[in-house]
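One structure below.
Note on naming: letters A, B, ... go to the chains in the order of the sequence lines (proteins, then strands), and numbering restarts at 1 for each one. When reading the values below, keep in mind they use all heavy atoms of this one structure, side chains included, and skip hydrogens, waters and symmetry mates.
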Protein chains: 2
Amino acid sequence: MDAFFNRLEHYARLSAPARSRIENAVHQTRHYQPRTALIRQGDRLGRIFVLEQGWAIRKKELEDGRRQILNFLVPGDIFDLQALINSPADHGVETITPCQVRSFETAAFIDAAGTDFTILSSLWWATVQEEAILREQIVRVGRMTAIERIAHLILELQRRTRIAGLGHARGGAALPITRGQIADALGLSPVHVSRTITVMRRMGLIATDHVLEILDPESLVSVAGFDDHYLHLDASPLPADLFSRQKPMTAGL
Amino acid sequence: MDAFFNRLEHYARLSAPARSRIENAVHQTRHYQPRTALIRQGDRLGRIFVLEQGWAIRKKELEDGRRQILNFLVPGDIFDLQALINSPADHGVETITPCQVRSFETAAFIDAAGTDFTILSSLWWATVQEEAILREQIVRVGRMTAIERIAHLILELQRRTRIAGLGHARGGAALPITRGQIADALGLSPVHVSRTITVMRRMGLIATDHVLEILDPESLVSVAGFDDHYLHLDASPLPADLFSRQKPMTAGL
DNA sequence: CGCGTATTTGAATGAGGTCAAACTGAGTGG
DNA sequence: CCACTCAGTTTGACCTCATTCAAATACGCG
């Protein structure tokens, strides 16, 4: 449970009982090869999943094959809390590296969240953060140049892998993503991504010996106009009394 | 409370007590001129707001003035449930027409949601829908041509205004948005939006006598490749027993 | 009327796309 | 160990969709 606990504890310290509640909600753990569909568009989801190891993507595809990567999933990420609504998935999730995925019984998961405030609080933070990432993605794709988009995405992934407990302290995040994936995430062509990355390499911003690495974080931030505020890295626990006046959830039923 | 109730009841029928709980949570109602900032990036939010009348936008701005509209807000939309976390807003909200906005005490609002399952369920649906809209926005901006983006956005707004109880039964949604706003939403220049809309008008898809109106919904859908599934228009209530096994929320504190 | 804002149209420019070919590197099988 | 394959990357040449700049036009509104 390392990645998941690690993630939740980024937002709030979990008590021992809280941890065991979560552990008890686990349904199973599976391994997947790269390029495996974890959720297909149209699926009705009965479970909640957590990515424990590896990288995955959320994606949507158009009729004619055009593909848009909505977001990258890194260890500790949850998909999908919105499984609670019994509605077909409006997008797909697919592994891009070998992955370890844990699944939870929805009801048990909700029990755990509902009975422990720190869990609920952390889950809410995770949701807020994911939405913020989607919004920033819109800005990248809508209003940034190619080099800005790429630099910005690299920095976001570096921050996120740091939270996930991967990646090194400074610069050196190693991102296992291809030019084609970057292109599909940023609304560019693979060819242009390649060209732009070559430029960035020549500028000394990054290195690309097999995986992408950050060499000059400061300059990269400046190229991207990157402000990591939207990631809420300084997440503080919700005020502990936020729900305290609340009656039991079942009161209204 | 028309727009808000109307919206919530799109997802689940509200009981009379549920309605009055919501009504009691209202803090105040205010009117705003167009181009008024409702939330400024960096604000810490103490309230939850509902747009009762008029249109607004969520937006982010880059240092050099480039602007990205993340989403349009129509009557019945909530901003922001994420106010629960006491964190500075990572984006702004601004009126684009005269607006009526209702604000809620966060605690009272949570009380209402926590004590009534239908309210909670509807709020969750609204959150899921908003996230889906953000994802679709990424696809538009990342992978669609100018005419596809515009047609797609028009159709989304038409569907959403229909939920909001505005707009007419078929085609005729009247959208009070300018070329410049469309451009900032879709990552285009106002000039090109103007050109493209001219083309669409000549194709008989839309009319633009002061407000934008849909003339030929079917062709527009085909031009946009529009599949309204992501809007979850067929929202059904959450399974009523979803939370029923749950212990009181305070149990873990 | 006169001012500010939005829209339209034209002409020139440019960022990024497409097509195509060469190159790299990690398997994999002979 | 080498040949072969397959996926990813790089580079060049050309093209196109959308941007920019600029000027003209329309539209409230005081």
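- One atom, CD1 of B:Ile197, and another, P of C:dT9, lie 12 Å apart when rounded to the nearest Å.
- Among the atoms of the strands shown, base atoms are found under 4.0 Å from some heavy atom of A:Ser189.
- Comparing atom distances between the B:Arg179 side chain and each of C:dT8, D:dT11, D:dA18 picks out C:dT8 as nearest.
- Backbone-only contact: A:Thr145 has heavy atoms under 4.0 Å from sugar-phosphate atoms and none from a base.
- Between A:Glu136 and B:Lys60, at least one side-chain N (NZ, or NE/NH1/NH2) sits under 4.0 Å from a carboxylate O, which counts as a salt bridge.
- Atom pair B:Asp209:CG and D:dA26:P shows a separation of 16 Å (rounding to whole Å applied).
- Following rounding to the nearest Å, B:Arg66 (CZ) and C:dA15 (P) show an atom-to-atom distance of 13 Å.
- Comparing D:dA18, D:dT11, C:dG16 against the side chain of A:Arg195 picks out D:dT11 as the nearest.
- For A:Val191, the side-chain atoms get nearest to D:dG12 when compared with the rest of D:dT19, D:dG12, D:dT9.
- Atoms CZ (B:Arg202) and P (C:dT8) sit 10 Å apart, rounded to a whole Å.
- By the 4.0 Å N-to-carboxylate-O rule, A:Arg160 lies close enough to A:Glu156 to be salt-bridged with it.
- Using a 4.0 Å heavy-atom cutoff across all strands shown, B:Thr198 reaches sugar-phosphate atoms only and no base atom.
- Salt bridge annotation for A:Glu94-A:Arg40: absent, with no cationic side-chain nitrogen under 4.0 angstrom from a carboxylate oxygen.
- Comparing C:dG16, C:dG10, D:dT10 against the side chain of A:Ala146 picks out C:dG16 as the nearest.
- Using a 4.0 Å heavy-atom criterion, one finds that A:Arg149 contacts no nucleic acid atom at all.
- Protein atom CG of B:Asp64 is 15 Å distant from nucleotide atom P of D:dT19, rounded to whole Å.
- Rounded to a whole Å, the CG atom of B:Leu186 is 15 Å from the C1' atom of D:dT19.
- Straight-line distance from the CG atom of A:Leu175 to the C1' atom of D:dG8: 17 Å, rounded to whole Å.
- If you find the closest nucleotide of DNA chain C to A:His210 and to A:Leu188, the one lying nearer the 5' end belongs to A:Leu188.
- When the C1' atom of D:dA18 is taken as reference, atom CD of B:Glu148 falls 14 Å away, rounded to whole Å.
- The two residues A:Pro176 and A:Val211 come nearest to each other via the heavy atoms CA-CG1, 4.4 Å.
- Salt bridge annotation for B:Arg143-A:Asp184: present, with a cationic side-chain nitrogen under 4.0 angstrom from a carboxylate oxygen.
- Residue A:Ser194 has a polar side-chain atom (N or O) positioned under 4.0 Å from OP1 or OP2 of D:dT10.
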